[in-house]
Amino acid sequence: MATIKDFEDLEIWQMARQLNKDVYPLLVALQEGKNFELKGQLDGSAGSVMDNIAEGFERDGNREFIQFLSISKASLGEVQSQLYRALDRGFINEEQLTKLKADCKILADKTGRFITYLKNSDFKGKKFKNN
């Protein structure tokens, strides 16, 4: 297993970044369709997924990291709900919805397993590390 030195090394952060890239064309379509509120909410929640992973990683202890990972996981649920709104308004089709939802569910599952790992880990964060 590779050593994780930076949040960019985390597979879940990399997947969250890819999700943001995959959602971007929808954000453009929402902008052009003058659906500014939905665009802002989708952009914010998709960004929150990767941002909370990064912020939690930079915290000093597992408890805080777990809290931020939980927020990230909740943001994935918000993204999925907003995708349905985009579908219902004709900005994406069923195939696009299915793919993006599947990506969200895989990421939520991996994040949940990472939370479980951290809860059971003896390593409690940078500030607890013996010097």
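Along the sequence shown, residues carry numbers from 1.
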Rounded distance (nearest 0.5 Å) linking atom CZ of Phe65 with atom OG of Ser121
11.0 Å
Can any side-chain N or O of Ser72 pair as donor or acceptor with the backbone N or O of Val49 at less than 3.5 Å?
yes
What one should report as the nearest heavy-atom pair of Trp13 and Ile53 is CB-CG2, 3.9 Å
Short side-chain to backbone donor-acceptor contact, Asn120 and Thr116, under 3.5 Å:
yes
Donor-acceptor pair, side chain of Ser48 and main chain of Gly44, under 3.5 angstrom
no
Report yes or no: does Ser45 contribute a side-chain atom to a donor-acceptor pair with the main-chain N or O of Gln41 at less than 3.5 Å?
yes
Could you measure the distance from the CG atom of Leu107 to the NZ atom of Lys73? Nearest 0.5 Å is fine.
10.0 Å
With side chains defined as the heavy atoms from C-beta onward, is the minimum distance between Phe57 and Ile4 less than 4.5 Å?
yes
Just jot down the salt bridge (charged side-chain N to carboxylate O under 4.0 Å, His left out) partners of Lys110, sequence neighbours excluded, or say none.
Glu11
For Gly33, is there any backbone N or O sitting under 3.5 Å from a side-chain donor or acceptor partner on Asn35?
yes
Hey, does the side chain of Glu58 reach the backbone of Glu55 with a donor-acceptor pair shorter than 3.5 angstrom?
no
Going from NZ on Lys39 to CD on Glu32, what distance comes out if it is rounded to the nearest 0.5 angstrom?
11.0 Å
Spacing of CD belonging to Glu64 relative to CG belonging to Leu69, to within rounding of 0.5 Å:
12.0 Å
Please evaluate residues Gln67 and Arg59 with respect to the criterion side chain to side chain contact (heavy atoms under 4.5 Å, CB included), reporting the C-alpha separation (whole Å), side-chain torsions for both, the decisive distance (0.1 Å), and the verdict.
CA-CA 10 Å; Gln67 178 183 356; Arg59 297 293 176 137; over 6 Å; no
Would you indicate whether the side-chain heavy atoms of Lys105 and Gln80 approach each other to under 4.5 Å?
yes
Can you check whether Leu26 reaches Leu83 side chain to side chain, under 4.5 Å on heavy atoms?
yes
Atom CZ of Arg17: over 12 foreign heavy atoms under 6.0 Å:
no
Set out, in order, the CA-CA distance, both residues' side-chain angles and the distance that settles side chain to side chain contact (heavy atoms under 4.5 Å, CB included) for Ile12 and Met50, then state yes or no.
CA-CA 8 Å; Ile12 58 172; Met50 65 187 280; over 6 Å; no
With sequence neighbours left out, which residue pairs that include part of residues 22-31 fulfil the side-chain hydrogen bond (donor to acceptor under 3.5 Å, both in side chains) condition?
Gln18-Asp22
Evaluate Leu30 against Asp43 for side chain to side chain contact (heavy atoms under 4.5 Å, CB included), listing each step before the verdict.
CA-CA 10 Å; Leu30 289 168; Asp43 191 26; over 6 Å; no
Would you confirm whether Asn52, through its side chain, and Ile71, through its main-chain N or O, come within 3.5 Å as a donor-acceptor pair?
no
Using ring pair (Phe, Tyr, Trp, His ring centres under 6.0 Å) as the criterion, list what pairs up with Phe68, not counting sequence neighbours.
none
With the side chain counted from C-beta on, respond yes when Leu118 and Phe114 share a heavy-atom pair under 4.5 Å apart, and no when they do not.
yes
Keeping Asp9 on the side-chain end and Lys5 on the backbone end, is there a donor-acceptor pair under 3.5 Å?
yes
To the nearest 0.5 Å, tell me how far Gln96 CD sits from Glu94 CD.
10.5 Å
Sub-3.5 Å donor-acceptor pair from the side chain of Gln14 to the main-chain atoms of Glu8, do we have one?
yes
Nearest 0.5 Å, what's the CG-CD1 distance between Leu76 and Ile106?
11.5 Å
